[in-house]
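Just below is one structure, and these are the notes that go with it.
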Protein chains: 2
Amino acid sequence: MVTKGNAFDPNCPTRTILDRIGDKWTVLVVLSLRSGPLRFTELRDGIGRVAPKVLTQTLRRMERDGLITREVYPEIPPRVVYTLTPMGASLIEPISVITDWAETHVPAITKAQAAYDELA
Amino acid sequence: MVTKGNAFDPNCPTRTILDRIGDKWTVLVVLSLRSGPLRFTELRDGIGRVAPKVLTQTLRRMERDGLITREVYPEIPPRVVYTLTPMGASLIEPISVITDWAETHVPAITKAQAAYDELA
DNA sequence: CCGTATCCACTGGGATACTG
DNA sequence: CAGTATCCCAGTGGATACGG
């Protein structure tokens with residue numbers, strides 16, 4: 001374990017990753033693709049209420065980051081398939097750690113919130 | 001491994017946690033407090049450029065979630081000390097997983113971005 | 001089918017000044 | 001010292017309509 005980078009530096013790339021993980025749609029895309037490639041509409045329908053613009057933004061950014069690949073089949077009608085890259089798939093693990101933590105502590109958090117609000 | 005909750009539900013509490021972890025200031029507060037309690041100004045100075053309003057918002061929310069405690073000593077001048085709760089401290093682990101992942105993959109991501117931008 | 005093009009509304013960070 | 005009170009502003013998500 002070296003110097004641990006510096007998450008306090010706004011320009012630290014680690015910060016960018018944190019933002020990605022915290023991004024609602026990015027996480028949902030990763031989870032959606034973990035069981036196999038999907039098309040745009042399939043992602044859209046699976047994720048739920050998401051504007052196409054926003055989904056496209058998310059997918060483009062993830063593609064740029066190397067988390068997913070985007071394959072276009074110039075058929076009619078067109079077909080576009082999104083697939084997790086190995087790096088993208090490796091995100092499932094950290095995400096699981098977070099969700100596990102969340103599920104474990106949600107009751108305590110809910111309770112803490114209730115207690116806090118009680119004093120208001 | 002049970003039903004895994006449902007991160008796709010916007011009302012799922014897990015989503016809230018994800019947002020917290022993705023929150024820039026929340027993460028920095030946790031990391032700042034990991035070596036011991038700090039006062040408001042100490043946090044402020046350690047974190048860097050953060051508006052007092054924003055820091056207060058963050059701290060209040062974390063207190064409400066049960067991640068930190070806020071102790072006020074009615075002295076003159078006043079003294080307020082923030083401390084990680086056990087639950088707050090338990091966040092360090094998941095955060096480390098993320099930052100480790102980030103540090104590991106940052107080079108690949110940077111490279112992917114460069115390659116992507118190359119085609120523009 | 002897979003997006004792009006617009007437009008809107010609003011959240012929420014940031015800077016600054018001020019108070020108990 | 002530890003915030004609160006304002007004001008500002010940009011970015012971003014969302015809805016809708018349309019194009020290749």
Side-chain angles (χ1 to χ4, degrees), chain A residues 7-12 15-16 18-29 32-33 37-65 68-83 116 119-120, chain B residues 7-12 15-16 18-29 32-33 37-65 68-83 116 119-120:
Chain A
F8 292 85
D9 177 4
N11 296 333
C12 180
R15 281 244 43 89
T16 306
L18 264 295
D19 291 341
R20 295 286 186 282
I21 306 258
D23 181 59
K24 188 176 166 186
W25 306 123
T26 299
V27 172
L28 295 184
V29 167
S32 296
L33 293 180
L38 291 177
R39 305 174 61 170
F40 186 85
T41 307
E42 292 170 334
L43 274 170
R44 185 178 181 3
D45 295 345
I47 286 179
R49 185 166 298 265
V50 54
K53 188 190 72 172
V54 176
L55 182 56
T56 299
Q57 283 173 349
T58 303
L59 292 171
R60 286 294 192 284
R61 191 172 48 205
M62 292 177 71
E63 186 193 2
R64 189 175 106 96
D65 290 344
I68 59 175
T69 57
R70 176 177 179 267
E71 287 169 298
V72 182
Y73 299 88
E75 311 165 350
I76 303 225
R79 186 163 58 97
V80 178
V81 174
Y82 294 92
T83 310
Y116 183 93
L119 311 175
Chain B
F8 292 86
D9 177 3
N11 296 332
C12 179
R15 281 243 44 88
T16 306
L18 264 296
D19 291 341
R20 294 287 185 283
I21 305 258
D23 182 61
K24 188 177 166 186
W25 305 122
T26 299
V27 172
L28 295 184
V29 167
S32 296
L33 293 180
L38 291 177
R39 306 174 61 170
F40 185 86
T41 308
E42 292 170 335
L43 274 170
R44 183 177 179 14
D45 295 345
I47 286 179
R49 187 165 297 263
V50 54
K53 187 190 73 170
V54 176
L55 183 55
T56 298
Q57 284 174 349
T58 303
L59 293 170
R60 286 293 193 284
R61 189 172 50 204
M62 293 178 71
E63 187 194 1
R64 189 175 106 95
D65 290 343
I68 59 175
T69 58
R70 175 175 178 269
E71 287 168 300
V72 182
Y73 298 89
E75 308 166 352
I76 302 216
R79 188 163 58 97
V80 178
V81 175
Y82 294 93
T83 310
Y116 183 93
L119 312 176

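Remember, predicted model here, so these are calculated numbers, not experimental data. Naming: A, B, ... by sequence-line order, numbering from 1 per chain.
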task = Kindly indicate, with the supporting measurements, whether the criterion side chain to side chain contact (heavy atoms under 4.5 Å, CB included) is fulfilled by Arg15(B) and Leu28(A).
result = CA-CA 10 Å; Arg15(B) 281 243 44 88; Leu28(A) 295 184; 4.2 Å; yes
message = If the cut-off is 4.0 Å, is Arg70(A) near the phosphate of dC2(C), judged by side-chain N/O to OP1 or OP2?
response = no
message = Need two values: the first and the last nucleotide of DNA chain D, 5' to 3', having an atom under 4.0 Å from any heavy-atom of chain A.
response = dG13(D) to dG20(D)
ask   = Looking at five pairs on each end of the helix from dC1(C)-dG20(D) to dG20(C)-dC1(D), what is the angle between the two axes, given to 10 degrees?
value = 50°
ask   = Within the structure, does a side-chain N or O atom of Thr56(A) lie under 4.0 Å from either OP1 or OP2 of dT4(C)?
value = yes
Distances under 3.5 Å between protein N/O atoms and the N/O atoms of nucleotides 13-16 of chain C, please, pair by pair.
residue, atom, partner, partner atom, Å
dG13(C), OP2, Gln57(B), OE1, 3.1
dG14(C), OP2, Trp25(B), NE1, 3.4
dG14(C), O6, Lys53(B), NZ, 2.4

key: Qualifying residues under salt bridge (Lys or Arg N to Asp or Glu O under 4.0 Å), relative to Arg44(A), sequence neighbours excluded   = none
request  = Name the nucleic acid region contacted by Tyr82(B), choosing base, sugar-phosphate or nothing; use a 4.0 angstrom heavy-atom cut-off, strictly under.
outcome  = sugar-phosphate
key: Any Arg60(A) side-chain N or O less than 4.0 Å from OP1/OP2 of dT4(C)   = yes
note = For residues 53-62 of chain A, the side chain to side chain donor-acceptor pair (under 3.5 Å) pairs (sequence neighbours left out) are Asp23(A)-Arg61(A)
message = Just N and O in the side chain of Arg39(A): are any of them under 4.0 Å from OP1 or OP2 of dC2(C)?
response = yes
ask   = Partners of Thr16(B) by side-chain contact (heavy atoms from CB on, under 4.5 Å), sequence neighbours excluded?
value = Arg20(B)
request  = Please identify each residue that fulfils salt bridge (Lys or Arg N to Asp or Glu O under 4.0 Å) with Asp45(B), with sequence neighbours left out.
outcome  = none
message = My understanding is that only residues two or more places apart in sequence, or in another chain, count here; which of them pass side-chain contact (heavy atoms from CB on, under 4.5 Å) with Pro37(A)?
response = Val81(A), Thr83(A)
key: Qualifying residues under salt bridge (Lys or Arg N to Asp or Glu O under 4.0 Å), relative to Arg79(B), sequence neighbours excluded   = Glu75(B)
inquiry  = Checking Lys24(B) against Leu18(A) for the side chain to side chain contact (heavy atoms under 4.5 Å, CB included) test, could you report, in this order, the C-alpha distance in whole Å, the side-chain angles of both residues, the deciding distance, and whether it holds?
reply    = CA-CA 8 Å; Lys24(B) 188 177 166 186; Leu18(A) 264 295; over 6 Å; no
inquiry  = Checking Arg39(B) now: which residues fulfil salt bridge (Lys or Arg N to Asp or Glu O under 4.0 Å) with it, not counting sequence neighbours?
reply    = none
request  = Find the distance between CG (Leu55(A)) and CZ (Phe40(A)) and round it off to the nearest 0.5 Å.
outcome  = 4.5 Å
query = Which residue, Leu38(A), Leu59(A), Thr69(A), forms the side chain to side chain contact (heavy atoms under 4.5 Å, CB included) with Tyr82(A)?
reply = Leu59(A)
